[in-house]
2 protein chains.
Amino acid sequence: MVVARRPGSYECGIDAAMDVIGGKWKVLILWALDERARRFGELRRLLPGVTEKVLASHLRELEADGIVHREVFDEVPPRVEYSLTPLGASLNGALEPLGAWGREHVLGAEVRAPRR
Amino acid sequence: MVVARRPGSYECGIDAAMDVIGGKWKVLILWALDERARRFGELRRLLPGVTEKVLASHLRELEADGIVHREVFDEVPPRVEYSLTPLGASLNGALEPLGAWGREHVLGAEVRAPRR
DNA sequence: CGGCATCCCCAAGGATACTG
DNA sequence: CAGTATCCTTGGGGATGCCG
C-alpha cells in the first residue's frame, strides 16, 4: 500500500496495521494461510491474477514483518512452505471483525455471496 | 487504495472492507470523526500533511460508500460538517481490534527496538 | 471557508523472460 | 518448483492556483 512505510511513528495503531497489510494481495495471502501452510505454487493458484514477482515480494515483506514463516525443504524438486507465525495468526484474528463487516455491509449489499 | 474497486465481487469480506478504507488517510478520517462531527478545516488540521484535494476526494468517496454524512449549513462564512453514519460507526467498531493489534505489536515493537 | 481544476511524479504493481 | 531479472504502465496522491 502506501500510508507511510516505517516513518518511525504512526498516528494510531490502525495505520501501523494498515502498513503491514497494505499490499494489494496481502490479506488474501493471510486468508489462504489461515487454514494451513501453503506452498508457493499453491498460493499462486489460490490468488488468481497475482504474478510471481508480486506474490514473492509480498511474501518477503510479510516475512520481514514477522507475519509469515518461510520454510525451505532441501528436496528435489524444491519445496517451500509458507505458514502463519503466532503474530500472523493474531493479526488474522484481529482482521476477522473487519471481514465480517465487509461481508455483511458490502458483499451483502450487492450479492448474497457464499464466501469461500 | 488498490485491490479492485467495485469489480462486482470479492474473494472475501476483507478485501471489500479494504476497498472502502483503502485511501491513504481514510482510517485517520474515520478515527477523527469517531468522537464527534468535524468541519473540513478541522479535519485538515487533525491530519497534518493531507492536502485539500486529497482530503476532499477521500471524504467524497467515504460519503459515496455511506460511511460519512456531509451536511452543509447555508451560512456566511460557509460551514460544512462531516460525521459518521451508523454504517461508518459500525466500520469503526470493526476496525478497533485491528487498531489494538497495531498498537500492541507494531507500535510497541518500535518503541522497544526502533528500526531505521 | 470549503472546495474544484491542473499539472506532475513516482512507487506499487503487471508482463515477460530466464534460472538454480 | 520456486523463484530472480527487466522493463513498463497506472493512478493515487502531492503541489499549486482559482473561485463562490
Side-chain angles (χ1 to χ4, degrees), chain A residues 1-7 10-11 15 18-29 32-33 37-65 68-83, chain B residues 1-7 10-11 15 18-30 32-33 37-65 68-83 116:
Chain A
M1 168 201 279
V2 196
V3 182
R5 192 83 187 166
R6 312 275 172 248
Y10 302 91
E11 292 299 322
D15 325 19
M18 290 295 291
D19 190 5
V20 172
I21 60 172
K24 182 170 176 180
W25 304 91
K26 286 190 182 176
V27 297
L28 263 18
I29 294 173
L33 293 180
R38 303 280 191 177
R39 304 181 58 173
F40 187 88
E42 212 173 346
L43 286 172
R44 210 163 38 135
R45 263 171 270 117
L46 287 170
L47 310 186
V50 72
T51 64
E52 299 166 351
K53 172 199 154 189
V54 170
L55 178 57
S57 75
H58 278 188
L59 284 169
R60 251 174 281 114
E61 289 178 19
L62 289 170
E63 190 190 358
D65 285 330
V68 308
H69 171 68
R70 178 175 185 268
E71 187 159 13
V72 181
F73 298 85
D74 196 3
E75 308 174 353
V76 177
R79 191 174 68 142
V80 178
E81 278 193 357
Y82 295 90
S83 55
Chain B
M1 174 255 335
V2 201
V3 186
R5 194 81 188 169
R6 312 275 173 251
Y10 302 91
E11 291 300 321
D15 327 19
M18 290 294 292
D19 190 5
V20 171
I21 60 173
K24 181 170 175 179
W25 305 89
K26 287 191 181 174
V27 298
L28 262 19
I29 294 173
L30 294 191
L33 294 180
R38 304 279 190 177
R39 303 181 57 174
F40 187 88
E42 212 173 346
L43 286 173
R44 212 165 36 133
R45 264 171 270 118
L46 287 170
L47 310 186
V50 71
T51 64
E52 299 167 352
K53 172 198 155 189
V54 171
L55 178 56
S57 75
H58 279 188
L59 284 169
R60 229 154 293 114
E61 288 178 21
L62 289 170
E63 191 190 358
D65 285 331
V68 309
H69 171 67
R70 178 175 186 267
E71 187 158 15
V72 182
F73 298 85
D74 197 1
E75 308 172 354
V76 177
R79 187 166 65 113
V80 180
E81 279 194 357
Y82 296 89
S83 56
R116 264 127 267 196

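Numbers restart at 1 for each chain; the letters A, B, ... are given by sequence-line order, proteins then strands.
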**OP:** Determine the minimum heavy-atom distance between A/I21 and A/K26, stating which atoms define it.
**Re:** O-CB, 3.9 Å
Subject >> Length of the CZ-C1' vector between B/R79 and D/dG20, whole Å >> reply: 18 Å
Original post:
For the atom pair CG (A/L28) and CG (A/L46), what is the distance rounded to the nearest 0.5 Å?
Top reply: 9.5 Å
Original post:
Minimum heavy-atom separation for A/V20 to A/L62, with atom names?
Top reply: O-CD2, 4.0 Å
Original post:
Does a side-chain N or O from B/R39 land closer than 4.0 Å to OP1 or OP2 of C/dG2, or not?
Top reply: yes
Original post:
Would you say C/dG3 has OP1 or OP2 under 4.0 Å from some side-chain N or O of B/Y82?
Top reply: yes
Original post:
Does B/K24 place a side-chain N or O at less than 4.0 Å from the phosphate oxygens OP1/OP2 of D/dG14?
Top reply: yes
Subject >> Pairwise distance NE2(A/H58) to NZ(A/K53) - rounded to 0.5 angstrom >> reply: 9.5 Å
Original post:
Which is it for B/L59 and B/L43 under the side-chain contact (heavy atoms from CB on, under 4.5 Å) test, yes or no, and what are the steps along the way?
Top reply: CA-CA 10 Å; B/L59 284 169; B/L43 286 173; 4.1 Å; yes
Original post:
Rounded to the nearest Å, what distance is computed from the CZ atom of residue A/R60 to the C1' atom of nucleotide D/dA2?
Top reply: 11 Å
Original post:
According to a strict under-4.0 Å criterion, is A/H58 in side-chain N/O contact with OP1 or OP2 of C/dG13?
Top reply: yes
Subject >> Whole-Å gap separating P (C/dC4) and CD (B/E52) >> reply: 11 Å
Original post:
What distance do A/W25 atom CH2 and A/R44 atom CZ have between them, rounded to the nearest 0.5 Å?
Top reply: 13.0 Å
Subject >> Options C/dG3, C/dG14, D/dG3, nucleotide nearest the side-chain atoms of A/K53 >> reply: C/dG14
**OP:** Can you sort out which residues in residues 68-78 of chain A have a heavy atom within less than 4.0 Å of DNA chain C? Ascending by number, please.
**Re:** A/P78
Original post:
Within the structure, does a side-chain N or O atom of B/R38 lie under 4.0 Å from either OP1 or OP2 of C/dG2?
Top reply: no
Subject >> Reference residue A/Y82; test side chain to side chain donor-acceptor pair (under 3.5 Å); the match among A/R70, A/E42, A/R39 >> reply: A/R70
**OP:** Would you kindly give the CG-to-C1' distance between B/D19 and D/dG12, to the nearest whole Å?
**Re:** 13 Å
Original post:
CG of B/L46 versus P of C/dG2: gap in Å, rounded?
Top reply: 13 Å
Original post:
Nearest-Å distance, CG (B/L28) to C1' (D/dG13)?
Top reply: 15 Å
Original post:
Do side-chain atoms of B/R38 reach the backbone of B/A32 as a donor and acceptor pair under 3.5 angstrom?
Top reply: yes
Original post:
CG of A/L47 versus P of C/dG14: gap in Å, rounded?
Top reply: 11 Å
**OP:** Would you mind telling me which residue lines up with the more 5' stretch of DNA chain C, A/W25 or B/R44, judged by nearest nucleotide?
**Re:** B/R44
Original post:
Roughly, in whole Å, what's the span from CG in A/L62 to P in C/dA12?
Top reply: 14 Å
Subject >> Selection from D/dT4, C/dG3, C/dG13 that lies nearest to any side-chain heavy atom of A/V54 >> reply: C/dG13
**OP:** Measure the angle between the two terminal helix axes of the helix from C/dC1-D/dG20 to C/dG20-D/dC1, five base pairs each, and quote it to 10°.
**Re:** 50°
**OP:** Would you give the length of the straight line joining atom CG of B/D15 to atom NZ of A/K24, rounded to the nearest 0.5 angstrom?
**Re:** 10.5 Å
